[in-house]
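None of these values were measured; they are calculated from a predicted model. Just follow the structure's listing: the first ligand is 1, and inside any ligand the first atom is 1.
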Amino acid sequence: MIGDIVYLNGRFVEKDDAKVSVFDHGFIYGDGAFEGLQIVNGRVFLLKEHLKRLYDSVRYLGFEIPMAPDAFRDVICETARRNGLENGYVRPIVTRGTGPLGIRNMAQLGAPTVVVMAQHESIESRREKWNRGITAQVVSVRRMAPAAFDSRAKTCNYINNILAYLEAQAAGAETALMLDAEGYVAEAYSSNVFVVKDGTVATPALGHILGGITRATLLGLCRAEGIPAVEGRLTTYDLLTADEVFECGTMAEVRPLVRINGRTIGPGTPGPMARRLHRCLREMMESGQHGEPIATA
Ligand code: PMP
């Protein structure tokens with residue numbers, strides 16, 4: 001069964017045996033980093049880019065992954081292969097490790113904990129959202145200020161995002177849009193955000209957001225397609241007056257936001273730019289040229 005085999009600290013084990021100590025810093029403090037990758041037709045899409053972000057996140061946290069990137073790449077591919085995951089999602093997680101309670105005792109931790117999990121994700125339920133578009137709520141929970149925590153690091157502490165999601169849910173919306181500490185648009189709770197106005201695509205600049213790999217890929221596709229694209233500061237004005245708004249992420253791909261805070265965006269249906277960029281992204285994913293085959297690991 002897909003998801004039944006988990007990589008845990010050098011071994012592939014059954015799901016029920018994939019156990020981490022309650023003394024693990026990931027459990028106690030959210031002290032770790034993770035990635036989410038999509039497998040498309042037996043290939044891990046943009047594996048190098050995800051690994052680079054994982055190594056950078058862990059470096060920001062101030063410890064080292066006890067494995068070279070090439071070895072980690074093989075472990076990710078092998079986890080997908082052992083789970084028979086031709087299409088789906090893989091989740092590597094690295095935490096600072098296990099040891100005595102107390103941040104002051106950090107020097108006594110053992111080796112970092114390394115986990116890779118796999119999960120099947122149905123394309124049908126995702127396609128339904130791509131075709132219909134989803135609703136969003138600009139929430140009161142702000143993205144953290146970079147002086148407190150730089151959101152480029154994808155760490156195991158997602159409380160900020162979870163609070164944002166809960167608030168959106170309570171408002172009856174499917175996704176949460178977060179502002180930065182100064183009130184400019186930052187990102188959605190688990191994806192980046194783009195607006196389209198008069199043929200120009202715009203997205204918040206890096207600084208208060210996760211440097212999404214899909215975001216960077218879409219900006220590259222805009223350049224290749226000759227679509228004007230800018231990175232800068234956006235406000236809720238830009239959201240509410242846009243011709244189109246969409247969010248993007250590894251599994252979300254390109255997901256149109258057709259209602260924000262109960263207001264209809266553009267005509268209230270997925271727009272032509274979102275469709276075009278999603279088509280380009282899908283072609284890239286399905287071409288196999290940017291994916292690491294899981295079979296040869
Ligand atoms: N922002 C946040 C907060 C996320 O969790 C994600 C999903 N990883 C993204 C943006 C999108 O990033 P990516 O395109 O690399 O999946």
Side-chain angles (χ1 to χ4, degrees), residues 30 32-40 44-58 60 76 88-94 116-117 119 121 126 129-130 134 136-139 141-146 148-168 174-181 184-195 201 203-222 229 231 234 245-257 274 277-278 280-282 284-285 290-291:
F34 74 100
E35 272 302 319
L37 304 96
Q38 186 172 181
I39 308 206
V40 186
V44 190
F45 187 54
L46 299 177
L47 179 51
K48 266 205 187 77
E49 287 77 358
H50 282 278
L51 272 180
K52 183 175 184 313
R53 187 170 66 188
L54 181 64
Y55 277 76
D56 283 347
S57 296
V58 169
Y60 178 62
I76 290 170
Y89 180 77
V90 265
R91 161 75 59 98
I93 306 172
V94 185
V116 183
M117 296 183 276
Q119 186 159 288
E121 293 279 343
R126 293 190 295 137
K129 289 188 174 124
W130 298 330
I134 64 167
Q137 183 77 18
V138 179
V139 296
V141 178
R142 297 290 177 93
R143 207 64 178 119
M144 270 176 280
F149 169 79
D150 194 317
S151 296
R152 274 178 295 185
K154 192 168 171 63
T155 75
C156 295
N157 187 332
Y158 256 50
I159 295 301
N160 187 230
N161 314 54
I162 287 168
L163 291 175
Y165 180 72
L166 286 174
E167 190 176 331
E174 293 171 281
T175 193
L177 289 170
M178 303 170 80
L179 306 178
D180 67 23
Y184 294 95
V185 175
E187 62 184 327
Y189 79 95
S190 76
S191 50
N192 291 112
V193 62
F194 281 74
V195 304
V201 168
T203 193
L206 294 177
H208 302 253
I209 61 172
L210 185 76
I213 288 161
T214 319
R215 171 188 177 279
T217 305
L218 292 182
L219 287 171
L221 285 169
C222 285
E231 296 172 70
L234 303 173
V245 180
F246 57 86
E247 62 173 11
C248 72
T250 293
M251 295 309 291
E253 299 182 17
V254 176
R255 198 149 54 190
L257 306 185
L277 287 173
H278 196 181
C280 292
L281 177 68
R282 267 272 143 199
M284 196 176 160
M285 293 166 92
H290 309 273

List the steps, then state whether side-chain contact (heavy atoms from CB on, under 4.5 Å) holds for D56 with R152. CA-CA 9 Å; D56 283 347; R152 274 178 295 185; over 6 Å; no

Ligand 1 atoms nearer than 4.0 angstrom to some heavy atom of E187 are 1 (N), 2 (C), 3 (C), 10 (C)

Evaluate R215 for polar contact with ligand 1, using N/O atom pairs at a separation under 3.5 Å. no

Checking heavy-atom distances from atom 10 (C) of ligand 1 to each of S151, S191, G212, the winner is S191

- [ ] Test Y60 against F149 for side-chain contact (heavy atoms from CB on, under 4.5 Å), laying out the working first.
- [x] CA-CA 10 Å; Y60 178 62; F149 169 79; 4.0 Å; yes

- Message: Below the 3.5 angstrom mark, is there an N/O of I213, backbone or side chain, next to an N/O of ligand 1?
- Response: yes

So the atoms of ligand 1 within less than 4.0 Å of a heavy atom of N161 turn out to be 3 (C)

For Y189, the atoms of ligand 1 under 4.0 Å from one of its heavy atoms are 3 (C)

Scanning both residues in full, the closest heavy-atom pair of D150 with G207 reads OD1-O, 4.4 Å

Taking every heavy atom of P256 against every heavy atom of A274, the minimum-distance pair comes out as CG-CB, 4.3 Å

The residue among E49, E253, E231 that forms salt bridge (charged side-chain N to carboxylate O under 4.0 Å, His left out) with R215 is E231

Hits for side-chain hydrogen bond (donor to acceptor under 3.5 Å, both in side chains) against S151, two or more places apart or cross-chain, chain-then-number order -> none

Short version for L210: what comes under 4.0 Å of ligand 1, heavy atoms counted, is side chain

If we only count N/O pairs under 3.5 Å, is R143 in contact with ligand 1? no

among protein heavy atoms, the one nearest atom 14 (O) of ligand 1 is T214 OG1, 2.5 Å

Nearest non-hydrogen protein atom to atom 5 (O) of ligand 1, with distance, is Y158 OH, 2.5 Å

Main-chain N/O of Y89 paired to Q119 side chain as donor or acceptor, under 3.5 Å
no

Among S190, A188, A164, G249, the residue with a heavy atom nearest to atom 6 (C) of ligand 1 is S190

Those residues at least two apart in sequence (or on a different chain) that pass ring pair (Phe, Tyr, Trp, His ring centres under 6.0 Å) with Y165 are Y189

Under 4.0 Å from one or more heavy atoms of T250, ligand 1 contributes atoms 13 (P), 14 (O), 15 (O), 16 (O)

Contact region, R53 to ligand 1, non-hydrogen atoms below 4.0 Å, reads side chain

Would the distance check show the side chain of N192 and the main-chain N or O of L210 forming a donor-acceptor pair, the cut-off being under 3.5 Å?
yes

The closest protein heavy-atom partner of atom 8 (N) of ligand 1 is K154 NZ, 2.6 Å

